[in-house]
Amino acid sequence: MSEILVLNGPNLNRLGSREPLIYGSGTYEELVEYCKDVGEAVGRTIEVRQTNSEAEMIEWLHEAADLETPVVLNPAAWGHYSYALRDACALLTAPLVEVHISNIHAREDFRHTSVISPVARGVIAGLGVEGYADAIQAVVRFVAQAETK
Ligand code: CA2
């Protein structure tokens with residue numbers, strides 16, 4: 001495994017612009033740098049992408065399925081209701097870890113459900129942007145485990 005895709009859903013490109021108590025004050029650009037630094041530390045190339053287009057996200061998931069690329073996904077609000085995104089995630093062949101910056105279970109009722117979680121290998125919520133580091137490390141571990149089998 002050389003590459004891990006870190007995919008981010010709608011509005012995450014606006015991180016740092018509001019709601020710092022929920023999402024922290026770091027910007028999306030800082031999140032990208034953070035993920036790349038974590039990748040360097042674990043010896044993996046990290047490609048970080050963000051889109052506000054559900055179709056584009058689904059295309060990226062298809063690409064990851066075809067190339068057997070492991071994925072860290074913050075589906076943002078799509079995670080609460082998009083069966084199309086869930087179906088695309090279910091096509092993945094390498095490990096998928098879902099991450100949410102905030103603790104979705106401690107927020108509004110509509111955020112308590114994730115339609116992605118049942119098809120993810122693991123789920124991280126409420127650990128802030130550091131949750132991305134945990135998710136990347138978990139993906140590396142899952143892939144290493146699979147390779148020793
Ligand atoms: O906690 C998370 O990471 C979420 O996936 C973030 C989504 C939200 O809809 C999910 O329920 C939980 C929201 C992304 C928008 O993030 C912004 C943060 C600050 C300023 C602007 C957008």
Side-chain angles (χ1 to χ4, degrees), residues 1 3-42 44-65 67-143:
M1 172 189 56
E3 189 181 71
I4 298 169
L5 269 179
V6 176
L7 302 180
N8 293 286
N11 302 309
L12 285 162
N13 56 323
R14 304 306 294 267
L15 272 177
S17 64
R18 63 180 175 83
E19 301 189 280
L21 294 179
I22 297 176
Y23 298 112
S25 53
T27 63
Y28 175 71
E29 290 69 27
E30 287 166 341
L31 172 65
V32 172
E33 283 316 303
Y34 179 64
C35 289
K36 288 185 173 171
D37 288 349
V38 172
E40 214 163 285
V42 297
R44 307 292 175 193
T45 304
I46 307 284
E47 183 167 342
V48 189
R49 302 180 191 170
Q50 187 278 331
T51 184
N52 296 319
S53 156
E54 192 176 0
E56 185 170 43
M57 178 64 85
I58 289 168
E59 293 297 339
W60 289 346
L61 289 164
H62 290 175
E63 174 193 322
L67 299 176
E68 298 185 18
T69 308
V71 174
V72 170
L73 172 66
N74 185 341
W78 289 328
H80 305 309
Y81 65 86
S82 173
Y83 298 120
L85 203 62
R86 175 200 168 112
D87 286 348
C89 288
L91 295 171
L92 292 170
T93 42
L96 165 69
V97 175
E98 176 185 1
V99 61
H100 294 276
I101 297 168
S102 64
N103 180 357
I104 54 175
H105 304 288
R107 300 183 63 195
E108 303 97 318
D109 285 353
F110 77 90
R111 295 187 204 273
H112 296 181
T113 297
S114 166
V115 299
I116 306 299
S117 297
V119 296
R121 177 79 183 269
V123 183
I124 292 169
L127 301 186
V129 294
E130 289 81 0
Y132 283 77
D134 297 324
I136 291 165
Q137 283 159 3
V139 159
V140 170
R141 210 165 51 241
F142 291 148
V143 171

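Owing to the predicted nature of the structure, the values given are computational and were not obtained by experimental measurement. Positions are given from 1, in the same order as the sequence printed here. First listed ligand is number 1; within each ligand, the first listed atom is number 1. Excluded from the calculations below are hydrogen atoms, water molecules and symmetry mates; all remaining heavy atoms, backbone and side chain alike, are included.
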One finds that the ligand 1 atoms under 4.0 Å from a non-hydrogen atom of Ile104 are 12 (C)

So the atoms of ligand 1 within less than 4.0 Å of a heavy atom of Asn11 turn out to be 15 (C), 16 (O), 17 (C), 22 (C)

Can you list the ligand 1 atoms lying under 4.0 Å from a non-hydrogen atom of His80?
10 (C), 11 (O)

Within the side chain of Glu98, is there an N or O that forms a donor-acceptor pair under 3.5 Å with the backbone of Asn74?
no

Give a yes or no on whether Arg14 atom CZ has more than 12 heavy-atom contacts from other residues, nucleotides or ligands under 6.0 Å away.
no

Where's the contact between Val99 and ligand 1, heavy-atom distance under 4.0 Å: side chain, backbone, both or neither?
neither

Do Arg86 side-chain atoms and Val115 backbone N/O form a donor-acceptor pair below 3.5 Å?
yes

N/O of Leu12 under 3.5 Å from N/O of ligand 1, yes or no?
no

How far is atom 2 (C) of ligand 1 from its nearest protein heavy atom, and which residue and atom is that?
Ile101 N, 3.3 Å

For atom 9 (O) of ligand 1, which protein heavy atom lies nearest, and how many Å away is it?
Arg111 NH1, 3.0 Å

Would you mind listing which atoms of ligand 1 come within a distance below 4.0 Å of any non-hydrogen atom of Ala77?
9 (O)

Which residue owns the protein heavy atom closest to atom 1 (O) of ligand 1, what's the atom, and how far is it?
Ser102 OG, 2.6 Å

Looking at non-hydrogen atoms alone, which of Arg18, Glu98, His100, Arg14 comes nearest to atom 12 (C) of ligand 1?
His100

Taking only heavy atoms of Ser17 into account, list the atoms of ligand 1 that are under 4.0 Å away from them.
20 (C), 21 (C)

Part of Glu19 with heavy atoms under 4.0 Å of ligand 1, whether side chain, backbone, both or neither:
neither

Could you check whether any side-chain heavy atom of Leu73 comes within less than 4.5 Å of a side-chain heavy atom of Met57, counting everything from C-beta outward?
yes

Take atom OH in Tyr81; do more than 12 heavy atoms of anything else shown fall under 6.0 Å from it?
yes

Just distances here: any N/O of Arg107 and N/O of ligand 1 closer than 3.5 Å?
no

Show your reasoning for whether side-chain contact (heavy atoms from CB on, under 4.5 Å) applies to Val72 and Val139.
CA-CA 8 Å; Val72 170; Val139 159; 3.9 Å; yes

May I have the step-by-step check of side-chain contact (heavy atoms from CB on, under 4.5 Å) for Tyr132 and Leu31, ending in yes or no?
CA-CA 9 Å; Tyr132 283 77; Leu31 172 65; 3.7 Å; yes

Does the side-chain contact (heavy atoms from CB on, under 4.5 Å) test come out yes or no for Ile4 and Val143, once each step is laid out?
CA-CA 11 Å; Ile4 298 169; Val143 171; over 6 Å; no

Whether the side chain of His80 engages the backbone of Ser114 through a donor-acceptor N/O pair (distance < 3.5 Å, no angle test) should be reported.
no

protein heavy-atom neighbour closest to atom 18 (C) of ligand 1 works out as Tyr23 CD1, 3.2 Å

